[in-house]
Amino acid sequence: MNGDPGPGADYRPLILDETVPDEASVLTQLRKSPMIRILDLRDVLHAELRKVHNPPDDHGGPETDRWVYYPWRRTLVGLPGEQTFRAIRLDRNRNKVTRDEQRRLAGLAIGVVGQSVGHAIAHTLAMEGSCGLLRLADFDDIELSNLNRVPGNIFDIGVNKSIVTARRIAELDPYLPVEVYTAGIDERSVDEFLRGLSIVVEECDSLDVKFAVREGARRHRLPLLMDTSDRGLFDVERYDLEPERPPFHGLLGTTTAADLRGLSTKEKAPHVMRILDPKELSARMAASLVEIDETVTTWPQLGGDVQLGAAIVATAVRRIGLGYKLSSGRTRIDLERGLDGLAEPEPEDLVWENEPDPTAVPSGPARVNVLHCAQRAPSGGNTQPWLLRIEDDALRIELAPNRSSSLDIGYRGSAVAIGAALHNARAAAAAHGILGGRRFLEDDGFTALLEFGSGSDPLLARDYPAALARDTNRKLGTGAPLDDGVLAGLAAAAAAEGGAVRAITGRAELAHAAALIGESDRIRHLTPRLHQEMYGELRWPGEDLRTGIDVRGMELAPDEQAKVRIGGRADVMARLHEWSGGVALGEYSRDRVLSSSALVAVTLPCRPGPDGASLADYATAGAALQRVWLEAGRRGLAVQPVSPVFLYARHPDELIAISPDFADTLTSLQGRFLDLLGVPGHEIMALVLRLSYAAAATVRSRRLPVPGAGDRS
């Protein structure tokens, strides 16, 4: 190590393990001294460790506790061992820096030349845990005039600057190795200083040393960083990637360190100006340079500018250490210019236009009313995946493939929606006395056909006003048990179309279902295509509300609305995917299922196997679903679909197509979900409904206009 620190210049604490006899003997002597303060923080810090979420497995235990003696403070401190200490101290870094990234950064050895600006940089790197070793160099001692920017104190005056930095870091983290060069560095010692480093930060005043450090960095293939505390000027010179790169980006041309040797400050000034670019200096800095040796001693620096520089350098170190892009070059992070750009933030007022939402039976030609009622059927994301038209005394409900999504595997979800629309149309036709036969056409695409006749059906006709008034209610329920006879009534409604109801009502079963559906929602958020489609369904003020989901209908609490805004960001989801996180992404559905009275799956028997169900079968299941939904509404229940992403998957390949990264998890979730609801393998599911007793929904979704029916809500 270069330079003798001199007597009384201790800068490294003494770390002692009382289970080691020689070290225990030293501890005994220290404890006997009346001049030494003893501070035992072990219990306090172990209690703090218990508050850490998911502490790392390798954080150590009580057997790794240490005693740390700080000679310059005459204080003996009891601390947890290194791994435990770091697990606590760096916990608040997560997830700005993940634990894996923290381990990678701990492998960096960083040298900092110059301990005025360099003090703040080294301390910031230590605070963030962005290195495993710090090497500091400065020949100068602390003066009172340094304390406008060096975060020391009056007790440091007369102490070498690098020792002051090392002591401050030791009091932050006694386990972090710090080496000091109290004689500074020059052309003779620069190679010794740079050897074994990962990055060098150059913050000295001497042009000779600046050159020497750059030439050394080029020899050792090291990235070099420099912050100049004026208007956030920051330089990166990647000699690790560009070993032939000229110093200072070539701004000094062919000038070498030898050319600068022996020059006076005045003679060096033109070279300094070529580096700093006078046109870009702040007015105050430029004016102060004119006054050097006249009204000011040297160029000015402010503590705030120095702290900003430390933040910039620390960010650059993280980029290099984690392998992110950081090119050679220069930038300015100018706080004054940023503050000049202050502007009033625009408040986000969610104001919707008031739209009429009639629920009464419409007046108009019977066939138009049938069209209108068919259009009021539910569909995933309110996509309305059909084309409605009347021709040849029949209503045609044709599949619209362009309104499908990734979860609509094989158009099965669209077929369910078409079946629900067909049931609505039959209910309206029965009420108007024009009911005829129905059939499905699968030769070219998929079509449901309702023939107009002169028939009626009191049971169907009873569903007509209910179909017009039906809505989705996502409000939290009371959790009250279902009234007697509800499940039997729902089962009878499904049976009218050959379907069945598989229900769970127990609190433990609902909690299990909530966890499974919450995990399904997490996967939906973390799968890019599913995430894009899901948030593409939401409609905000000023958007076309005739398709998609009106955000008001999500019944979001204020905190949930903020989460939706964050949840819509693809970059945030990518990070959560990278971290295998995002459990909270399922909270919205989990909370609603937990507040429910029941969860029911509307099912239909079909032939076994992945190809055992046709689109006609799914449409029939959709008709059963609609009957169940309308019956639940008549019984005063709020109804919300909470179907998981694997609902329509009938084969493992289909789960891979939905979400390649989570296919195995989805396979497990699907099996557990079907077992929980008791759905046998030969039954297909139309939809999963959450039933609850809740206040009325805030809004009802609107619909696209259909030929001859107009744009009715």
Side-chain angles (χ1 to χ4, degrees), residues 1-5 9-17 20 23 26 56 58-60 64-73 75-90 93 97 99 101-115 118-138 159-185 189-203 220 222-223 225 310 313-314 317-318 320-322:
M1 191 172 303
N2 181 274
D4 179 9
D10 303 284
Y11 66 93
R12 290 300 298 153
L14 182 62
I15 299 175
L16 301 167
D17 182 348
V20 176
E23 297 180 17
V26 174
D58 60 348
H59 61 73
T64 65
D65 288 355
R66 296 289 187 268
W67 285 93
V68 181
Y69 178 57
Y70 293 91
W72 59 92
R73 285 195 176 272
T75 300
L76 181 65
V77 184
L79 294 175
E82 181 175 355
Q83 297 302 318
T84 304
F85 183 85
R86 295 257 172 79
I88 302 167
R89 193 178 76 78
L90 301 177
N93 281 9
V97 181
R99 280 188 176 138
E101 289 172 333
Q102 203 81 64
R103 283 189 285 268
R104 291 164 63 187
L105 292 172
L108 298 179
I110 300 175
V112 184
V113 182
Q115 292 304 305
H119 180 128
I121 291 170
H123 189 261
T124 300
L125 293 172
M127 274 199 299
E128 294 187 356
S130 293
C131 58
L133 178 142
L134 280 167
R135 191 173 292 162
L136 315 175
D138 201 310
V159 179
N160 178 269
K161 288 180 178 178
S162 54
I163 288 178
V164 171
T165 308
R167 286 178 175 179
R168 187 162 178 242
I169 290 170
E171 293 175 8
L172 169 73
D173 185 346
Y175 299 110
L176 178 63
V178 179
E179 301 171 358
V180 300
Y181 279 59
T182 56
I185 60 173
S189 61
V190 67
D191 285 310
E192 177 191 342
F193 181 85
L194 296 177
R195 191 170 293 114
L197 294 182
S198 311
I199 300 169
V200 61
V201 182
E202 186 276 293
E203 297 294 341
H220 290 264
L222 294 176
L225 308 176
V313 171
V317 165
R318 287 200 305 274
I320 294 172
L322 298 176

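Keep in mind that the numbers below use all heavy atoms, side chains included, and drop hydrogens, waters and symmetry copies.
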**Study point:** Sequence-distant partners of Leu172, side chain to side chain contact (heavy atoms under 4.5 Å, CB included), two or more places apart
**Key:** Arg89, His123, Ala126, Met127
**Study point:** Verdict with reasoning, Val113 to Val201, per side-chain contact (heavy atoms from CB on, under 4.5 Å)
**Key:** CA-CA 6 Å; Val113 182; Val201 182; over 6 Å; no
Study note, to complete from the structure: Taken to the nearest 0.5 Å, the spacing of Gln83 CD from Thr64 OG1 works out to 8.5 Å
Exercise for review: First locate atom CD of Glu82, then atom OG1 of Thr84, and finally report the distance between them rounded to the nearest 0.5 Å.
Suggested key: 10.0 Å
Review point. Mind checking what makes side-chain hydrogen bond (donor to acceptor under 3.5 Å, both in side chains) contact with Glu203, not counting sequence neighbours?
Key: none
Review point. Below 4.5 Å, heavy atoms only, C-beta onward: do Leu322 and Arg104 meet side chain to side chain?
Key: yes
Exercise for review: Return the set of residues passing salt bridge (charged side-chain N to carboxylate O under 4.0 Å, His left out) with Glu171 (not counting sequence neighbours), or none when no residue passes.
Suggested key: Arg73
Practice item. Give the intermediate values and the outcome of side-chain contact (heavy atoms from CB on, under 4.5 Å) for residues Val164 and His119. Key: CA-CA 8 Å; Val164 171; His119 180 128; 3.8 Å; yes
Study note, to complete from the structure: Asp138 meets the side-chain hydrogen bond (donor to acceptor under 3.5 Å, both in side chains) criterion, sequence neighbours left out, with none
Practice item. Could you tell me which non-hydrogen atom of Pro177 sits nearest to which non-hydrogen atom of Gly132, and how far apart they are? Key: CD-O, 3.2 Å
Review point. Which residues satisfy the ring pair (Phe, Tyr, Trp, His ring centres under 6.0 Å) test with Tyr69, sequence neighbours excluded?
Key: none
Point to revise | Shortest non-hydrogen contact from Ala137 toward Gln115 | key: O-CG, 3.8 Å
Exercise for review: Give the intermediate values and the outcome of salt bridge (charged side-chain N to carboxylate O under 4.0 Å, His left out) for residues Asp10 and Arg167.
Suggested key: CA-CA 8 Å; Asp10 303 284; Arg167 286 178 175 179; 5.4 Å; no
Review point. Taking only residues two or more places apart in sequence or in another chain, which ones pass side chain to side chain contact (heavy atoms under 4.5 Å, CB included) with Glu128?
Key: Thr124, Ser130, Ala314, Arg318
Point to revise | Between OG1 on residue Thr165 and CG on residue Leu136, distance to nearest 0.5 Å | key: 6.0 Å
Practice item. Sequence neighbours left out, what passes side-chain hydrogen bond (donor to acceptor under 3.5 Å, both in side chains) with Ser162? Give chain and number order. Key: Asn160
Exercise for review: Locate the shortest heavy-atom distance separating Tyr11 from Glu179; write the atom from each residue and the value.
Suggested key: OH-CA, 4.4 Å
Exercise for review: Take Val26 and Leu14 through the test side-chain contact (heavy atoms from CB on, under 4.5 Å) and record every step on the way to the result.
Suggested key: CA-CA 10 Å; Val26 174; Leu14 182 62; 4.1 Å; yes
Point to revise | Residues that Ala109 engages under side chain to side chain contact (heavy atoms under 4.5 Å, CB included), provided they are two or more places apart | key: Leu133, Leu197, Ser198
Review point. Are side-chain heavy atoms of Val112 and Arg135 found at a separation under 4.5 Å?
Key: no
**Study point:** Glu101: salt bridge (charged side-chain N to carboxylate O under 4.0 Å, His left out) partners, not counting sequence neighbours
**Key:** none
Study note, to complete from the structure: Closest non-hydrogen contact found for Asp17 with Asp65 is OD1-O, 4.4 Å
Study note, to complete from the structure: When every non-hydrogen atom of Trp67 is compared with those of Leu76, the smallest separation belongs to CE3-CG, 3.6 Å
**Study point:** Side chain Arg195, main chain Val190, donor-acceptor under 3.5 Å
**Key:** no
Check your understanding: Between Ala122 and Leu134, what is the shortest heavy-atom contact and its length?
Key -> O-CD1, 3.6 Å
**Study point:** Residues Tyr70, Val77; criterion side-chain contact (heavy atoms from CB on, under 4.5 Å); working and verdict
**Key:** CA-CA 8 Å; Tyr70 293 91; Val77 184; 4.0 Å; yes
Practice item. Output the distance between atom CG (Leu125) and atom CG (Leu108), rounded to the nearest 0.5 Å. Key: 9.0 Å
Exercise for review: Just jot down the side chain to side chain contact (heavy atoms under 4.5 Å, CB included) partners of Ile15, sequence neighbours excluded, or say none.
Suggested key: Arg66, Val68, Tyr175
